[in-house]
Amino acid sequence: MMSVYHESTVGEKMDWLNDALDKQYTLVTALKQTPSSQVLLLRHKTLHWPIVKRTFTGSAEVYRHLLNVTHPHLPRIYEVVQRENIVTVLEEYIDGCTVAQVLETGHYTERGTRQVSKQLCDALSALHSLGIVHRDIKPENVMVDCNGMTKLIDFNACRLVKPAQSKDTQLLGTAGYAAPEQYGFKESDERTDIYALGMLMNVMLTGEHYSKQRARGRLGKIIRRCVQPSPEERFSDALSLRRAL
């Protein structure tokens with residue numbers, strides 16, 4: 001597919017995209033619905049190829065940076081269109097289950113936690129190399145596909161790191177996983193995602209938030225460093241965390 005977000009014809013291309021989807025695809029189900037976003041699973045009428053249509057209120061800036069990026073632990077982004085503050089994205093469908101769904105039936109083993117977390121570190125390294133901070137790592141946004149590959153999804157809360165900015169202009173994230181700096185104290189950066197990944201690992205191992213029950217052993221020590229309130233006391237980047245794992 002070709003990129004369709006040129007500002008001069010954005011209205012026409014939004015209409016063209018919606019018309020093409022209506023003609024060529026059928027709605028399978030709504031994967032997610034909130035007051036500000038909608039995620040639909042569509043299937044091509046003749047090729048039977050599944051695709052995700054994501055619509056949300058916000059900026060398309062990050063999704064544009066991810067257009068046609070190929071990485072084993074990130075979904076492919078095929079099309080991005082923005083009309084005023086409404087963004088429509090077409091992306092790869094991941095056939096699998098979320099970490100949240102796995103946790104409904106029990107905890108992860110230490111080996112399983114390491115495997116998922118190392119792959120998430122690879123995904124974060126790719127995002128961070130593009131200047132992107134995810135800012136919403138949580139069980140619902142981590143998928144494991146039918147081949148056992150971990151995928152980090154949902155870039156609605158992502159932002160581009162801007163060195164001249166002293167703090168985030170838009171406060172996004174999920175309570176319990178969001179780092180202190182996401183509440184407006186300073187600008188979020190790569191270490192913000194390290195914090196959330198540490199919280200995620202603790203939940204995967206114990207089934208509880210870090211404030212209620214802390215993982216023990218070698219992984220417990222790694223998690224404790226990830227979730228330090230001060231970014232300077234965390235792992236400096238995803239590669240350093242991966243080495244520790």
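Because the structure is a prediction, the values reported are computed rather than measured.
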Checking [Y] against [X]: is there a side-chain donor and acceptor pair closer than 3.5 Å?
{"X": "N85", "Y": "T57", "result": "no"}
{"X": "H44", "Y": "T46", "result": "yes"}
{"X": "T206", "Y": "E208", "result": "no"}
{"X": "K45", "Y": "T26", "result": "no"}
{"X": "H128", "Y": "D193", "result": "yes"}

Taking only Lys NZ, Arg NE, NH1 and NH2, and the carboxylate oxygens of Asp or Glu, determine whether [X] and [Y] approach each other closer than 4.0 Å.
{"X": "D122", "Y": "R242", "value": "yes"}
{"X": "K53", "Y": "E92", "value": "no"}
{"X": "K138", "Y": "D154", "value": "no"}

Flag, side chain of [X] to backbone of [Y], donor-acceptor distance under 3.5 Å:
{"X": "N202", "Y": "M204", "answer": "no"}
{"X": "H107", "Y": "L103", "answer": "no"}
{"X": "Q119", "Y": "T150", "answer": "yes"}
{"X": "H134", "Y": "L152", "answer": "no"}
{"X": "R243", "Y": "A238", "answer": "no"}
{"X": "N141", "Y": "D136", "answer": "yes"}
{"X": "E190", "Y": "T192", "answer": "no"}
{"X": "D145", "Y": "N147", "answer": "yes"}
{"X": "Q228", "Y": "R224", "answer": "yes"}
{"X": "E140", "Y": "V99", "answer": "no"}

Below 4.5 Å, heavy atoms only, C-beta onward: do [X] and [Y] meet side chain to side chain?
{"X": "R225", "Y": "E233", "answer": "no"}
{"X": "C121", "Y": "L245", "answer": "yes"}
{"X": "L160", "Y": "E61", "answer": "yes"}
{"X": "V81", "Y": "I86", "answer": "no"}
{"X": "V161", "Y": "E187", "answer": "yes"}
{"X": "E79", "Y": "V89", "answer": "no"}
{"X": "C226", "Y": "L241", "answer": "yes"}
{"X": "I77", "Y": "V69", "answer": "no"}

Is it the case that R191 places NZ or CZ above or below the six-membered ring of F235, under 6.0 angstrom from the centre and within 45 degrees of the axis?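 The answer is no; the distance or angle limit is not met.
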Looking at [X] and [Y], what are the two nearest heavy atoms and their distance?
{"X": "V227", "Y": "G198", "result": "CG1-C, 3.8 Å"}
{"X": "Y195", "Y": "A178", "result": "CE2-O, 3.5 Å"}
{"X": "P72", "Y": "K151", "result": "O-NZ, 2.8 Å"}
{"X": "V142", "Y": "V116", "result": "CG1-CG1, 4.2 Å"}
{"X": "S188", "Y": "V133", "result": "O-CG2, 4.3 Å"}
{"X": "A244", "Y": "R218", "result": "O-NH2, 3.3 Å"}

Plane angle bin for F155 and Y63 - parallel if under 30°, tilted between 30 and 60°, otherwise perpendicular: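 Plane angle over 60°, so perpendicular.
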Could you walk me through whether E232 and S230 pass the side chain to side chain donor-acceptor pair (under 3.5 Å) test, one step at a time? CA-CA 5 Å; E232 288 75 18; S230 172; 2.8 Å; yes
What about the rings of Y210 and Y177, do their centers lie closer together than 6.0 Å?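 Not under 6.0 Å, so no.
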Around atom NZ of K221, are there more than 12 heavy atoms of other residues, nucleotides or ligands at under 6.0 Å?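 Incorrect, the count does not exceed 12.
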So among L40, N156, T88, which one has a side chain to side chain contact (heavy atoms under 4.5 Å, CB included) with R54?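 Checked L40, N156, T88 against R54; only one passes side chain to side chain contact (heavy atoms under 4.5 Å, CB included): N156.
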With the 4.5 Å side-chain cut-off for hydrophobic clustering, are L120 and V102 part of the same group?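 Yes, one cluster joins them.
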Indicate if I153 and L200 have the same hydrophobic cluster label, given that clusters are the connected sets of ILVMFWY residues with side-chain heavy-atom separations under 4.5 angstrom.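 They do not share one cluster, since no chain of ILVMFWY contacts under 4.5 Å joins I153 to L200.
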